[in-house]
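Working notes, beginning with the structure itself.
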Amino acid sequence: MMFHEYKNVIEDGDTVIVYLNHNSMSPLKVEAGQVYNNRFGTFKHDDMIGLKYGSKVVNKDGKGFVFLLHPTPALWTQVVPHRTQILYLPDISFISLYLDLRPGKIMIESGTGSGSFSHSIARTIAPTGHLYTFEYHEIRAQTARKEFIEHNLTDVVTIEHRDVIANGFGKRNIADAVFLDLPAPWDAVAAAKDALRKDTIGRICCFSPCIEQVQRTALALDEHGFSEIRMYESLAKDYEIRNIPQPDIDEVIDGQRVSFKPVKSDKKKRKLENDSACSGTDTDANGSTVKELTVTKPTDVVRGHTSYLTFAILAPEEGDDIDMSE
Amino acid sequence: MEAEAAAAAAAGTVQLERTVIKAGDHVIIRMPSSNTKIVCIRADTTVSLGKFGSFNANALIGHTFGHTFEIVQNGQIQPHHQPGFDAADITAANNQTIVDDPKSQKLSFEEIEGLKKQSLMGAVSASEIISSLTANNEAFAHKTEFSKSKYIRRKQSKFNKCFVPLETTAYNLCDFFFSVNMQKTRGIRTDTLAQMLALVNVYAGARVLCVDDGQGLLVGALLTRVLDQGCVLGVHDGDVPNYDVLRYVNEPTDGRLKTLAWSKLKYQQPAFAEPELTASASENDVLGRARRLRGHQKLADTLAELRSGDFDALVVSTKYAARKVVDRLLPYLGMSRMVVVYDQCKEPLTEVLAWMRDSHMFVNVQLSEGWLREYQVLPSRTHPTMSTSGGGGFLLSAIYVGGSV
């Protein structure tokens, strides 16, 4: 099982994402002979082995069920055990596109944190690229290393326990892109410049929750010769969907009783059969017709801030006589 | 560096080629006004940047992307050092006594136009124009440091002749079309495109089914993430796909991109029936037959690819009713794979969402909208930009578990 490649059938030793509902998912390592318990019942691992990813498994008494999903970096971000504040998809995806990550790119990340972004980077640059990720917290580095091994990412990810502010990255002229998620990214800008390639555009992103950090980072980037300094916030808003009744006020004017009753459950089926999914009419118990509308509204609480994303490029050195021998 | 190269080689990595601007490349030019345009750098031609002047394409060939260049005399360009942040700081000056007065500028309209003309010929530099504008502006001295700096930046964006050539990356292309011709790419904004690529889990070896009625931006972006072991199969209306955006991508896409017309979705292709040509056949006949045979074989390959099924992702941005577009392609999608549908408006996706929710073929069905905000970052003057895009489109995503229910 790989995090950066799909397969079709679940085998002994694979990691699956157990899906109960969209608020409740968890990673599970499938091992012959084991059982898995959750609030929907008891599930035997032996029943999972040999199934296709995406399959539904029913518990022992045949009542509860879960889906066994193929892990992806996006799902991993939703289930990863938080050891630090993690990066979420709107940031991960925007940074990846801005830094032009794709197969073959060499990337440096610091710190590794909980590895949420690392998984996504690895998937995008594999199999010909490489991620060097640095974490100064020793236990976090060990935990992340274990995860990378378990997820078969070691061909594309190298993790090092290292304080990059004190010691730099130990890399020169190799990286296409650098990502800094550090309390004082400005102190690592010089090291980032060292690590970036000088023969093509180098790109950097600094990830900081506070505007004061952005100010200092931008000054440091400017001082070290980075250009095109741009700063963004990237967030996303989820919508809920529901059907709401739209009774006719004329019926009230005419003295009738109107119903605001929620849609009946068997309605779903009828809708599918009728091939119309969006809006329609429902007949309530009294026989009066209630118009209804499918509507969306933003979820009540959304993530309002994660971090500011400060980007810049390091223009290549011009001319054929660039000293690449360092 | 050698040790690094060895380490990189050991890790199975490759160093990319130095990226210089070659004749025939498409380049995104960022102009002093921050506006961008796409130009094709053809040898022996002149590239016009409108009021900012023009330069010889040859002068740019061989240079690397990302530098700032200034147009000097006779269409020549020279590297230009971008000034860093100005050190403007909070001062006691304020706008208490400043009254808007067009007469505060002592240079006449004609004089300013004259300076501009000289500047285009390279006789006067942008900084010289700006100095004479500030020197002749009575109100300038009374402005705050911030205000002076802003005035100068505004004038620079008008009179500078500096530009930055940028690569036509997926990000830059999306940003470009979003700002100049949003309808071409169906209004997809950079953050939304980015989320699509992340959600569909495209990777080097992925086989991606794609419907892109936004002229190929989506197909092009997917292709940047796929190597030869994967592919993007674009299903399109009409006989040939309209993937105009692909021509701005400076990399060949053949092999990884396959395309199929909707009208061929259910097509049962007969064997190639044209008889072998006799020895007396004309050259035209020979070429014609070979061309038709290639076309036949290409369609056969694409149909075989589609019908081998188990695709790793389904990505849709369509002008057709999206529910059926998704439904007709679902049989070719693998289990536990992502479906992502984009639209500039929410309502078409709401219909698809209601269907997905009720169909029991999907889990983790989500409708979302990106929210992107750019900031000006300057010492003591950091704030969101005054105008920003009101929307970058909506995404519907779901995991397909169809066969299991």
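Predicted, not measured: the structure shown is a model, and the values here were computed from it. We name chains A, B, ... by the order of the sequence lines, and we start the count at 1 in each one.
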Could you tell me which portion of [X] (side chain, backbone, both or neither) has an atom closer than 4.5 angstrom to a non-hydrogen atom of chain B?
| X | value |
| --- | --- |
| A:Phe65 | neither |
| A:Ser96 | both |
| A:Ile211 | side chain |
| A:Leu75 | side chain |
| A:Asp100 | side chain |
| A:Ile241 | both |
| A:Glu223 | neither |
| A:Tyr19 | side chain |
| A:Leu235 | both |
| A:Ala218 | both |
| A:Glu240 | neither |

B:Lys346 and B:Glu369 ion-paired at < 4.0 Å: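 A salt bridge is absent here (no side-chain N lies under 4.0 Å from a carboxylate O).
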Do NZ/NE/NH1/NH2 and the carboxylate oxygens of A:Arg203 and A:Asp176 come within less than 4.0 Å? no
Which one, [options], leads in non-hydrogen pairs under 4.5 Å with chain A?
| options | value |
| --- | --- |
| B:Thr68, B:Val164, B:Asp175, B:Leu227 | B:Leu227 |
| B:Ala204, B:Ala170, B:Gly370, B:Cys174 | B:Ala204 |
| B:Leu199, B:Thr169, B:Leu395, B:Val352 | B:Thr169 |
| B:Arg30, B:Met338, B:Gln229, B:Gln366 | B:Arg30 |
| B:Thr192, B:Val377, B:Thr382 | B:Thr382 |
| B:His63, B:Glu167, B:Gln376, B:Met196 | B:His63 |

If you compare all heavy atoms of [X] against all heavy atoms of [Y], which two are closest, and at what distance to 0.1 Å?
| X | Y | answer |
| --- | --- | --- |
| B:Phe65 | A:Pro316 | O-CD, 3.1 Å |
| A:Ser116 | A:Thr77 | OG-OG1, 3.0 Å |
| B:Ala198 | A:Arg123 | O-NH1, 3.8 Å |
| A:His70 | B:Ser336 | N-OG, 2.7 Å |

Among B:Asp312, B:Asn201, B:Asp310, which residue meets the side-chain hydrogen bond (donor to acceptor under 3.5 Å, both in side chains) test with A:Tyr6? B:Asn201
Determine, step by step, whether A:Phe311 and A:Glu228 satisfy the side-chain contact (heavy atoms from CB on, under 4.5 Å) criterion, reporting the C-alpha distance in whole Å, the side-chain angles of both residues, the deciding distance to 0.1 Å, and the verdict. CA-CA 8 Å; A:Phe311 293 97; A:Glu228 300 273 310; over 6 Å; no
Yes or no on side-chain contact (heavy atoms from CB on, under 4.5 Å) for B:Thr190 and B:Leu372, after CA distance, side-chain angles and deciding distance? CA-CA 9 Å; B:Thr190 50; B:Leu372 184 72; 3.7 Å; yes
Against chain B, work out which of [options] has the most heavy-atom pairs shorter than 4.5 Å and name it.
| options | value |
| --- | --- |
| A:Thr72, A:Val295, A:Thr154 | A:Thr72 |
| A:Thr299, A:Thr296, A:Ile313 | A:Thr296 |
| A:Ile125, A:Val214, A:Asn8 | A:Asn8 |

What's the verdict on ring pair (Phe, Tyr, Trp, His ring centres under 6.0 Å) for A:Phe94 and A:Tyr232, showing C-alpha distance, side-chain angles and the deciding distance? CA-CA 10 Å; A:Phe94 190 70; A:Tyr232 296 88; 5.3 Å; yes
Taking atom types as modelled, find out whether A:Tyr53 and A:Asp14 have a side-chain donor-acceptor pair closer than 3.5 angstrom.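 Note: A:Tyr53 and A:Asp14 side chains meet the donor-acceptor criterion.
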Non-hydrogen atoms of chain A under 4.5 Å away: do they reach the side chain of B:Leu367, the backbone, both or neither? both
Compare all side-chain heavy atoms of A:Thr310 with those of A:Ser208 and state whether any distance is below 4.5 angstrom. no
